[in-house]
Amino acid sequence: MKLHFLGANRQVTGSRYCLEVAGKRVMIDCGMFQERQFQPRNWDRCPIPPATVSAMLLTHVHIDHCGLIPKLVKDGFQAPIYATEPSVALVGIMMRDAAEIQEEDIGYKLKRHQREGRKSPYPYEPLYSVQNVDQAVPMFQPVKYNQPIQVTAEVSVRFFDAGHILGSAMIQVDASENGQKKRVVFSGDIGQQDKPIVRDPSLLNDADYIVMESTYGDRNHPHPGDTETQLADAINDAVSRRGNLVIPTFAVERAQELVYHLGRLVRAGRIPQLPIFLDSPMAVDVTAIYLKFHDYCDEALLKMVQDQQAPFRYPNLTMVRTADESKKINDVPPPSVIMASSGMCNAGRIKHHLKHNIEKPEATILFVGHQGDGTLGRQIVDGAKRVRIHGQDFQVRAKIAQIYGFSGHADHDGLMRWITHFQRPVRRVFLTHGEEPVALRLAAEITQGLGHPTYVPHYQEAVELI
Ligand SMILES: [Zn+2]
């Protein structure tokens, strides 16, 4: 039995593994590399020929876990992909969006390179097309949490709620080879406890091998305080200054969380009934899927639905789909709340709203998520006085604010709580999905503190599971 590490090794994105059992290959996740310096790996040939894979298991629909599936399909993969019911509903939207962004980016990149007389070592084409996405979507097979599924004669799996985004899963794989049974647990991305909408992450207690994420393995989230109160304060401040509050948001989970909190604040009378816009067709579609699969959500949300309260709907909220409706937001007199994607301001409608508001001292730009290196969002939170949007320079005069309590990932203590729950000694823990120094430090802590031998694999390393 062999486990191949094919991404998110000593860095955070591009999650992919392949387990070889009795001559069959089962892939777990197939994500896109998103850090600028690791993006060339998206073009690497998969060392496992895609046509030889018997099944894929998907933990959740974030692009760094599912974003290369269409490329694998383009390269010959043709097996079933098992994912939870909400993941199956969401994954097409996510992959299609990724294909469209790539098509757009390639056009810009080509023009920029021609202007600067540069040549990329990689083809000026998207990794895959929308047609490849359409080929991939029918391969998905919906599964429910906690139910055993036989994926090959020797491999049965079970999905557990990871509490990270709607439908996110940890996957327990039971494999037998030459009469020997092994249990391998893949943590996926582990959520935070006590988050709204999603349930708490499952605690598993038995494994021979564990593959665990380590994104926040070296730090605890700053005490979040009451994020809802911070949101109310930001809105009331914007109202008193008679300016708009612009919130860059990711289309999945963060957008629904914001809409949910804002609804609670409106109903409780903690903020006035000002116009609130969710300006992202993708976020609007995703919100509809959250509602459809409300039985996958936490008890508080379920209770709202049972009490006939709409968690994602209230009179002053407008869900914006078309470009025309989006432009009309500019004519609404402030103050209003405008949520738009992308969450790091590097694409999408948020750029238009920044153009209209960033030079106004009465406006506020509120960040509610991590801003990656090299993104427009990062420049703004780092205090840039001028920024370039759509080729034009803008002075940053708006108030820049941040709320930190929205992370969808367990922090150091959350990860340790999860791994401590395993009862018997684990043969080996593999840490992935974390920057190298972070993963190494957590590996030392787990090895010394809990006695589980822990290792941080390298990219494309294969390990024998004995
Ligand atoms: Zn994730």
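Every number for a ligand or one of its atoms is a count from 1 in the order of the listing.
Taking the six-membered ring where the residue is Trp, His390 and His352 present tilted rings, their angle falling between 30° and 60°. In this structure, His409 and His433 have tilted ring planes: the angle between them lies in the 30° to 60° band. Ring geometry, Phe186 versus Tyr17: the interplanar angle falls from 30° to 60°, so the pair is classed tilted.
Judged by distance alone, the side chains of Tyr290 and Glu257 never bring a donor and an acceptor atom under 3.5 Å apart.
For the Zn ion (ligand 1), the set of nearby N, O or S atoms under 2.8 Å includes one belonging to His60. Contact annotation: Asp189 places an N, O or S atom under 2.8 Å from the Zn ion (ligand 1). Not a single N, O or S atom of His65, from either the backbone or the side chain, sits less than 2.8 Å from the Zn ion (ligand 1).
Checked against the Zn ion (ligand 1), the N, O or S atom of His62 at the shortest distance is ND1.
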